[in-house]
Amino acid sequence: MGAGKMGSFFIDLLSFDHEVAVYEKDPKRLRFTYNCYRFQKLEEIRDFKPELVINAVTVKYTLSAFKEVLPYLPDDCIISDIASVKTGLKAFYEQAGHPYVSTHPMFGPTFANLNQLSEENAIIINEGDYMGRIFFKDLYQKLGLNIYEYSFQEHDETVAYSLSIPFVSTFCFAAVMKHQDAPGTTFKRHMQIAKGVLHEDDYLLQEILFNPYTSEQVEKIREELKTLIDIIDHKDAKGMKAFLTKIRKNVAEDID
């Protein structure tokens with residue numbers, strides 16, 4: 001469901017080993033799909049009788065898209081999502097009446113090289129249908145992704161750390177932005193990241209920041225900024241040395 005960047009990626013990935021159909025309301029997006037059936041009517045889904053549905057629509061419409069298609073699916077059809085925001089999904093799945101599996105390919109199309117994913121990660125929610133989880137685990141292993149298995153709650157906690165911190169940091173950078181005639185290399189790299197993040201859907205950015213675990217992570221940024229401002233105001237060379245030592249250690253541990 002959905003022939004955007006991630007939907008098209010999964011069509012391309014699966015279509016040579018499986019019989020694949022894509023349901024997409026925007027006919028312009030169907031121009032970039034191939035080796036698959038292309039549906040624009042729900043009745044076509046019913047006739048196709050899918051064994052697995054992958055919901056790849058914009059996160060804002062994930063739940064409404066599920067509700068729209070459910071009446072046209074076989075009872076044993078596994079429903080799944082690849083959403084980076086899982087808000088409301090667990091409760092929906094538990095009453096949907098279908099086996100389900102939820103995953104989060106964390107590479108996204110904005111920065112990742114979709115042809116080289118060995119340094120990228122994917123999360124598989126360890127709740128739901130066993131065979132569905134096995135299907136995605138095998139698929140992600142073939143891509144060379146690093147796979148992590150979390151509960152819905154653990155996923156949201158992880159996303160609050162891994163997405164909200166860089167997103168908020170990028171927002172702060174962009175918020176104080178002004179034109180520079182001769183920007184340095186570091187500035188240009190930050191600008192490239194900012195443009196990539198801000199190219200994301202507004203609703204996606206909002207829901208990531210409205211994650212119930214985000215506020216705690218953002219508060220840590222404010223605490224560190226307060227410390228850094230104090231060091232700068234007092235020209236505290238010793239404090240600056242200690243601060244740089246601490247953050248270099250943090251970065252080194254993350255790399256390891």
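The basis for the numbers below is simple: all heavy atoms, side chains too, and nothing from hydrogens, waters or symmetry mates. These numbers come from a predicted model, not from an experiment.
- Here C36 contributes atom SG and F16 contributes atom CZ; the two are 10.0 Å apart, rounded to the nearest 0.5 Å.
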Candidate pair F210 and Y203, rule ring-ring contact (aromatic ring centres under 6.0 Å, His included), full reasoning: CA-CA 10 Å; F210 288 177; Y203 186 84; 8.9 Å; no
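- With hydrogens and angles disregarded, a donor-acceptor distance shorter than 3.5 Å links the side chain of T214 to the backbone of I208.
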Starting from the C-alpha separation in whole Å, work towards a yes-or-no answer on side-chain contact (heavy atoms from CB on, under 4.5 Å) for E216 and E219. CA-CA 5 Å; E216 179 183 350; E219 180 63 32; 5.7 Å; no
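- A donor-acceptor pair is defined here as one N or O able to donate and one able to accept, closer than 3.5 Å; such a pair exists between the side chain of S8 and the backbone of A3.
- For the pair D12 and S15, the tightest heavy-atom approach, listed with the atom from each and the gap, is O-OG, 3.6 Å.
- Distance check, rounded to the nearest 0.5 Å: CE of M1 to CD of E68 gives 6.5 Å.
- Minimum heavy-atom separation, F243 to E224: CE1-OE1, 3.4 Å.
- Counting heavy atoms of neighbouring residues, nucleotides and ligands inside a 6.0 Å radius, atom CZ of F171 exceeds 12 of them.
- Side-chain contact between V59 and T87: absent, with no pair of heavy atoms (C-beta onward) separated by less than 4.5 Å.
- At least one donor-acceptor pair under 3.5 Å links the side chain of Q95 to the backbone N or O of F92.
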Let's go through F136 and I147 carefully: what are the C-alpha distance in whole Å and the side-chain angles of both, what is the deciding distance for side-chain contact (heavy atoms from CB on, under 4.5 Å) to 0.1 Å, and is it a yes or a no? CA-CA 10 Å; F136 278 99; I147 300 171; over 6 Å; no
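- The closest side-chain donor-acceptor pair between S151 and N126, if any, does not fall under 3.5 angstrom.
- Here the side chains of V85 and T62 are not in contact, with every heavy-atom distance at 4.5 Å or above.
- The backbone N or O of G128 sits less than 3.5 Å from a side-chain atom of R133, completing a donor-acceptor pair.
- Note that CG of L228 is 4.0 Å distant from CD1 of I232, once rounded to the nearest 0.5 Å.
- Here the closest heavy-atom approach between residue L30 and residue R38 is recorded as O-NH1, 2.8 Å.
- Remark: the backbone N or O of K28 is paired with a side-chain donor or acceptor of R31 at under 3.5 angstrom.
- Rounded to the nearest 0.5 angstrom, I82 CD1 and M6 CE are separated by 4.5 Å.
- Cluster annotation: L139 is not connected to M131 through the hydrophobic network of ILVMFWY side chains, with a link wherever side-chain heavy atoms come within less than 4.5 Å.
- In this structure the side chain of H104 never reaches within 4.5 angstrom of the side chain of Y148, judged on heavy atoms.
- The backbone N or O of Q40 sits less than 3.5 Å from a side-chain atom of E44, completing a donor-acceptor pair.
- Under the 4.5 Å side-chain heavy-atom criterion for ILVMFWY residues, a single connected hydrophobic cluster contains both L42 and L63.
- By the 4.5 Å heavy-atom criterion applied to side chains, T158 and Y213 are not counted as neighbours.
- The minimum heavy-atom distance linking S162 with M106 is given by the pair OG-CE, 3.5 Å.
- No side-chain heavy atom of K195 sits under 4.5 Å from any side-chain heavy atom of Q192.
- A single hydrophobic cluster is seen to contain both L209 and L198, as judged by linkage of ILVMFWY side chains at heavy-atom distances under 4.5 Å, directly or through other members.
- Formation of a donor-acceptor pair under 3.5 Å by the N55 side chain with backbone atoms of V57 is found in this model.
- A heavy-atom distance below 4.5 Å is not found between the side chains of V159 and S84.
- Panel note: side chain S80, backbone V53; a donor-acceptor pair is recorded below 3.5 Å.
- Taking the six-membered ring wherever Trp is involved, the centroid distance between the rings of F66 and Y93 falls below 6.0 Å.
- Side-chain polar atoms of Y140 and N146 form no donor-acceptor pair below 3.5 angstrom.
- In this structure, L205 is a member of the same hydrophobic cluster as V168, with clusters built from ILVMFWY side-chain heavy atoms closer than 4.5 Å.
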Set out, in order, the CA-CA distance, both residues' side-chain angles and the distance that settles salt bridge (charged side-chain N to carboxylate O under 4.0 Å, His left out) for E223 and K220, then state yes or no. CA-CA 5 Å; E223 291 172 0; K220 293 178 181 178; over 6 Å; no
Can you check side chain to side chain donor-acceptor pair (under 3.5 Å) on E19 and Y37, steps first, answer last? CA-CA 8 Å; E19 189 177 23; Y37 296 101; 3.1 Å; yes
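- At least one donor-acceptor pair closer than 3.5 Å links the side chain of N211 to the backbone N or O of D156.
- Interatomic distance, D236 CG to K241 NZ, rounded to the nearest 0.5 Å: 13.5 Å.
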Candidate pair I78 and F135, rule side-chain contact (heavy atoms from CB on, under 4.5 Å), full reasoning: CA-CA 11 Å; I78 301 172; F135 175 85; over 6 Å; no
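- R46 CZ to F39 CZ: the interatomic distance, rounded to the nearest 0.5 Å, is 12.0 Å.
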Trace of the side-chain contact (heavy atoms from CB on, under 4.5 Å) decision for E24 with T33: CA-CA 11 Å; E24 170 59 63; T33 60; over 6 Å; no
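- Between F187 and K178 the shortest heavy-atom distance is CZ-O, 4.3 Å.
- For I221 against I165, the heavy-atom pair with the smallest separation is CD1-O, 4.0 Å.
- Distance alone, capped at 3.5 Å, is enough to place a donor-acceptor pair between the E127 side chain and the F152 backbone.
- Evaluated for a side-chain contact (heavy atoms from CB on, under 4.5 Å) with H155, the options K90, E149, K86 yield exactly one hit, K86.
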With side chain to side chain donor-acceptor pair (under 3.5 Å) as the test, would you mind laying out the steps for D47 and Y72 before giving the verdict? CA-CA 9 Å; D47 296 338; Y72 299 87; over 6 Å; no
